[in-house]
Number of protein chains: 2
Amino acid sequence: MITHLSQQVDLKKVSLPDYHSESFAEGIYRVFREAILSLDFKPGEIIRKRPICQKFGVSRTPVADAMLRLESESLVEIIPQSITRVAKLSLRSIHDESFLREALEVAAVAYAAKHRTQEQVDNLISNLRSQKLFAESKDLNAFYQLDEKFHLIILECCQVSNLPATLEKLSTQVRRARLLLLPNPSRINNTVNEHEAIVKAIQMGNPDSATSAMRSHLQQLIKHLEPLEKQCPELFNV
Amino acid sequence: MITHLSQQVDLKKVSLPDYHSESFAEGIYRVFREAILSLDFKPGEIIRKRPICQKFGVSRTPVADAMLRLESESLVEIIPQSITRVAKLSLRSIHDESFLREALEVAAVAYAAKHRTQEQVDNLISNLRSQKLFAESKDLNAFYQLDEKFHLIILECCQVSNLPATLEKLSTQVRRARLLLLPNPSRINNTVNEHEAIVKAIQMGNPDSATSAMRSHLQQLIKHLEPLEKQCPELFNV
DNA sequence: TAATGGAAACTAACATGTCAGATTATAGTT
DNA sequence: AACTATAATCTGACATGTTAGTTTCCATTA
């Protein structure tokens with residue numbers, strides 16, 4: 001695990017060129033955040049700081065700083081005087097996050113339907129076309145990327161500079177849950193249809209039908225979640 | 001400033017009894033967060049770590065940890081190898097935060113209108129009655145407290161455990177801007193009327209009129225903001 | 001007077017040592 | 001064999017020394 005990470009992230013050689021002014025602590029924070037969100041580190045997995053220091057060739061200070069920051073985002077759980085572990089999932093938290101996510105995405109899609117430009121609509125249509133291609137070829141990862149991009153395009157319509165970043169910060173549990181649900185190819189066709197309904201509503205400039213289409217789209221997640229908890233209970237709390 | 005703080009927060013004597021298991025870093029974080037949000041520290045004010053260490057009788061490590069955490073919430077700005085200062089306000093950020101705030105509060109009030117209990121409605125009505133009393137006696141601070149409580153009651157209807165905390169984290173600029181606008185007694189009566197419209201919509205179980213009442217209530221803030229920037233430009237960015 | 005150069009005094013970032021609480025392993029008891 | 005007490009070994013919290021980058025300010029120069 002850590003070996004794999006260190007291949008990706010030898011800070012001095014690979015990552016730094018694009019992040020010249022970044023501190024060690026920031027780099028480690030960024031790398032671990034991405035590793036946790038992409039499930040390279042499993043929920044509940046214990047993070048040992050000392051081996052990390054060795055692998056990265058830094059002292060304990062920047063590693064501790066990075067973990068502190070991850071804790072403040074609920075991505076890791078630091079048990080004082082004891083251990084640090086990756087935050088587990090919980091149905092409760094996922095429900096909470098889903099409420100926040102729905103509130104923001106619904107507000108965004110309503111704004112998008114009201115203020116859309118032709119370029120934005122074209123982007124959505126083009127994205128949707130690609131989705132259909134990858135849905136046919138059952139390329140789950142490519143489809144997932146397009147799905148994320150689809151929602152990003154809508155969020156960006158609002159011109160609220162940190163809206164995508166904010167939503168990502170609020171959706172750490174949901175994002176990991178979605179990744180766990182990914183190997184479910186039967187959802188793809190339904191997803192495309194739901195996306196299509198959203199695009200049509202935006203195109204027609206109808207915020208009401210856009211919001212209800214987005215709402216029912218997002219609520220699909222919860223339905224598929226409870227089987228997941230039974231499938232891998234070790235990733236969940238309580 | 002710091003003298004005043006240290007009176008409030010001599011960690012060893014005053015604050016710790018209620019927070020036995022809290023680390024120095026957490027305590028300092030908590031104290032400074034509250035001091036910044038309540039404008040005891042002005043936006044743009046430089047925070048010097050060394051005097052803080054002395055006042056609190058701790059080393060630089062917990063102070064640095066606390067500042068790191070405040071930075072990740074955009075409450076302070078750490079300039080690498082240089083200084084740390086309280087984050088300034090900016091109209092851009094306040095607009096962004098207002099979008100997020102509106103999205104969440106509108107979603108909450110819609111939920112409240114759909115799922116209200118008699119007890120919740122009673123709480124709102126009782127809160128509103130108190131608001132009217134303090135509005136007449138022009139007690140701005142008491143009114144502000146009730147205003148916050150009013151919105152809190154609505155948020156709590158959703159039973160999303162971290163909704164109030166999340167909104168607070170997303171509204172650090174808005175909260176400080178509202179405090180700056182506080183000495184404006186002419187707004188109070190309008191505010192009460194807007195609150196009353198929200199309560200009536202919730203009471204009638206009408207989510208549509210509840211959302212539109214909440215929306216127009218929240219949008220009042222922006223209108224009063226631009227004069228503020230002209231009044232105290234040193235608190236704002238660019 | 002205005003501009004520039006450089007030293008001094010700041011700061012945050014980082015390395016490292018120490019300590020106390022928590023966990024785990026082990027030995028002893030029932 | 002199951003339970004408890006204790007010792008060894010983890011961990012994170014904190015103190016402190018060092019380093020390198022920034023800012024400040026004053027002297028020098030155009």
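Residue numbers start from 1 in every chain, and the chains themselves are labelled A, B, ... in the order their sequence lines are given, proteins ahead of strands. Only heavy atoms go into these numbers, but all of them, side chains included; no hydrogens, no water, no symmetry mates.
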Inset, instruction - Give Ala25(A) one of three labels, base, sugar-phosphate or nothing, depending on what nucleic acid heavy atoms sit under 4.0 Å from its own. - result: sugar-phosphate
Legend entry - Distance, rounded to the nearest Å, where Phe56(B) contributes CZ and dC14(D) contributes C1': 16 Å
Inset, instruction - Using a cut-off of strictly less than 4.0 Å, decide whether Thr84(A) has a side-chain nitrogen or oxygen near OP1 or OP2 of dG12(D). - result: yes
Legend entry - Between dA13(D) (C1') and Arg69(B) (CZ): distance, integer Å: 14 Å
Inset, instruction - For Arg60(B) and dT18(D), give me the distance from atom CZ to atom P, rounded to whole Å. - result: 11 Å
Legend entry - Residues Asp96(A), Arg92(A): salt bridge by 4.0 Å N-O rule: yes
Inset, instruction - Rounded off to whole Å, could you give me the CD1-to-P distance for the Ile78(A) and dA13(D) pair? - result: 6 Å
Legend entry - First encountered from the 5' end of DNA chain C, between Ile79(B) and Ile79(A): Ile79(B)
Legend entry - Atom pair distance, as rounded to whole Å: CZ in Arg85(A) and C1' in dG12(D): 15 Å
Inset, instruction - Specify the separation, in whole Å, of atom NZ of Lys49(B) and atom C1' of dT11(C). - result: 8 Å
Legend entry - CD (Glu234(A)) with more than 12 external heavy atoms under 6.0 Å: yes
Legend entry - Nearest-nucleotide comparison on DNA chain D, the residue closer to the 5′ end among Ser82(B) and Thr61(A): Thr61(A)
Inset, instruction - Choose from dC14(C), dT11(C), dT11(D) the nucleotide whose nearest atom is closest to any side-chain atom of Pro62(A). - result: dC14(C)
Inset, instruction - Would you indicate whether the side-chain heavy atoms of Ile52(B) and Phe32(B) approach each other to under 4.5 Å? - result: yes
Inset, instruction - Find the distance Ile83(B):CD1 to dT22(D):P and express it as a whole number of Å. - result: 13 Å
Legend entry - More than 12 heavy atoms of other groups within 6.0 Å of His224(B) NE2: yes
Inset, instruction - Could you state the atom-to-atom distance from CZ of Arg50(B) to P of dT16(D) in whole Å? - result: 13 Å
